[in-house]
Amino acid sequence: MINQKKQLKPKSTGLLVFILTVGVFGIINTEMGVVGILPLIAETFHVTVPEAGWTVSVFALVVAVSAPITPLLFSGINRKKVMLLALGLFTLSNVISMVTSNFTVLLIARILPAFLHPVYVSMAFTVAAASVSKEEAPKAVSKVFMGVSGGMVLGVPVTSFIASEVSFSMAMLFFTVINTLVLIATFVFLPSMPVKERLSYGTQLSVLKKTITWNSIIAVTLINGAIFGFFSYMSDFLKNITDVSYNIITTMLLIYGVTNIIGNLLAGKMLSINAHRCIIIIPFALLTSYICLFTFGECMVAMVVIILVLGVLAGIASNSMQYMIIEAAPEAPDFANGLFLLSANLGTTIGTAVCGLLITFLGTRYSVLGALLSLIVSLIFVYVRVRNWQYSKTIAANIIV
């Protein structure tokens with residue numbers, strides 16, 4: 001495990017976290033930015049819109065499959081070298097996407113960097129946490145999470161604007177420029193980050209033997225499934241239940257995104273003050289918000305307030321979920337962050353499928369039930385997880401005494 005705290009001064013620590021945040025933004029933006037331009041991709045490459053959708057789904061599938069594997073494989077290699085490799089591959093893939101006219105080549109250019117997506121993101125969390133004291137780690141990680149939120153929320157409208165006003169190639173150029181700048185900044189400003197004590201694969205995999213790890217994985221899967229399962233259909237809910245125009249929907253989604261970033265900042269402070277209280281409160285708060293959303297879905301004013309609150313809570317939840325897993329397996333931080341990415345992506349997939357089925361059989365309003373059921377079950381695993389952690393700490397204290 002690396003120890004950057006002795007190598008980095010406060011100013012350089014701030015620069016490191018900033019570079020990691022922008023780096024994560026560029027990588028998440030590459031993944032999610034194409035969501036808003038699928039019709040343009042279909043037109044550019046002469047394929048159907050569902051076929052164009054593979055540029056999103058195949059990327060997400062590769063990330064989900066590789067999330068617990070690639071961080072483990074690269075965990076013993078100098079962090080700076082691995083980050084440069086990941087950023088270099090993302091930059092190259094974006095250049096290929098920008099110049100190709102072949103849809104198969106485009107898909108390959110999307111698939112290859114996706115394998116290193118979990119490596120960069122998990123290492124960004126690990127390095128940010130290791131660059132400061134243990135007490136300040138949640139705040140550093142919360143800043144990196146701003147890159148995740150920015151990439152998911154701001155990347156889509158920016159990419160859509162560039163593509164619609166200029167061309168698909170120029171949208172890909174936007175991805176290329178971001179990743180190239182971070183690549184240069186990483187090479188110039190980040191110190192060498194060799195792994196001082198390389199953990200064996202067996203040691204890292206042994207965290208899967210702990211009950212608290214599995215409780216955390218299941219809790220994260222359920223909570224993220226609730227958040228993104230409904231979020232996938234939020235625009236449909238606003239259109240059919242709240243009955244607002246597409247312009248208002250866009251504005252409300254932007255509000256959700258901005259407040260999500262605010263939630264990331266609040267999460268760092270809340271986790272630093274009392275992490276377990278935050279972990280327990282957030283699912284209850286989300287549950288209450290979704291009940292309000294189901295009840296007052298027709299009222300636009302109420303929905304603006306609810307979406308604002310949901311955005312903040314989702315930002316806090318993202319940080320608390322990562323904290324849950326990293327605290328359960330602190331001896332293998334890279335692998336633990338990989339497990340977080342796996343759980344989050346799995347939750348999104350399952351949550352979207354469940355909410356989609358509820359819409360099919362019951363109607364748009366009842367997509368909220370998928371989130372409610374997921375959160376109710378998650379509360380059980382969150383409670384058991386916190387009790388397990390407290391029990392293990394009590395046992396450890398008694399042994400020391």
Query - Qualifying ring-ring contact (aromatic ring centres under 6.0 Å, His included) pairs with a residue from residues 293-327, counting only residues at least two apart or across chains - result: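 Listed by first then second residue: F294-Y366.
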Residue pair [X] / [Y], side-chain heavy-atom distance below 4.5 Å:
X	Y	value
M193	M83	yes
V34	F59	no
N78	S192	yes
L358	V354	yes
V24	F145	no
V47	W54	no
N264	K143	no
H117	I28	yes

If you take all heavy atoms of [X] and [Y], which pair is closest and at what distance?
X	Y	answer
Y256	A314	OH-CB, 3.4 Å
V182	I19	CG1-O, 4.0 Å
A171	I162	N-CG2, 3.7 Å
V17	A140	CG1-O, 4.0 Å
A109	S93	O-CB, 3.0 Å
M170	V166	CG-CG1, 3.2 Å

Donor-acceptor pair, side chain of [X] and main chain of [Y], under 3.5 angstrom:
X	Y	value
S142	L265	no
S378	L375	yes
N345	L341	yes
K139	S272	no
N29	F25	no
T91	L87	yes

Query raised in the report: Please walk me through it: do F90 and Y120 pass side chain to side chain contact (heavy atoms under 4.5 Å, CB included)?
Result: CA-CA 11 Å; F90 266 83; Y120 185 91; 6.0 Å; no
**Report entry** Candidate pair L238 and I307, rule side chain to side chain contact (heavy atoms under 4.5 Å, CB included), full reasoning
**Finding:** CA-CA 11 Å; L238 292 171; I307 286 176; 3.8 Å; yes
**Report entry** side chain to side chain contact (heavy atoms under 4.5 Å, CB included) partner of L339, the single match among L72, I217, V220
**Finding:** I217
Query raised in the report: Would one find more than 12 heavy atoms of other residues, nucleotides or ligands at under 6.0 Å from atom OH of Y383?
Result: no
Query raised in the report: Would one find more than 12 heavy atoms of other residues, nucleotides or ligands at under 6.0 Å from atom NZ of K210?
Result: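 Atom NZ in K210 is packed in, count exceeds 12.
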Could you tell me the separation between the [atom1] atom of [X] and the [atom2] atom of [Y], rounded to the nearest 0.5 Å?
X	Y	atom1	atom2	value
L112	I96	CG	CD1	7.5 Å
T203	E331	OG1	CD	9.0 Å
M324	F340	CE	CZ	9.0 Å
L313	S318	CG	OG	11.0 Å
I184	L84	CD1	CG	11.0 Å
S320	H276	OG	NE2	11.0 Å

Query raised in the report: Taking only residues at least two apart or on different chains, which pairs with a member in residues 212-230 satisfy side chain to side chain donor-acceptor pair (under 3.5 Å)?
Result: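 Residue pairs with at least one partner in residues 212-230: S216-R385, N224-T348.
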Query raised in the report: Which residue pairs pass the side chain to side chain donor-acceptor pair (under 3.5 Å) test when at least one of the two sits in residues 98-116, sequence neighbours left out?
Result: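 Non-adjacent pairs meeting side chain to side chain donor-acceptor pair (under 3.5 Å): zero.
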Query raised in the report: Side chains of E136 and S133: do they bring a donor and an acceptor to under 3.5 Å?
Result: no
**Report entry** CA sep, side-chain torsions, deciding dist, call: I326, N337, side chain to side chain contact (heavy atoms under 4.5 Å, CB included)
**Finding:** CA-CA 7 Å; I326 201 68; N337 280 317; 4.0 Å; yes
Report task. Begin from the C-alpha positions of L85 and V119 and carry the test side chain to side chain contact (heavy atoms under 4.5 Å, CB included) through to its verdict. Result -> CA-CA 10 Å; L85 174 64; V119 178; over 6 Å; no
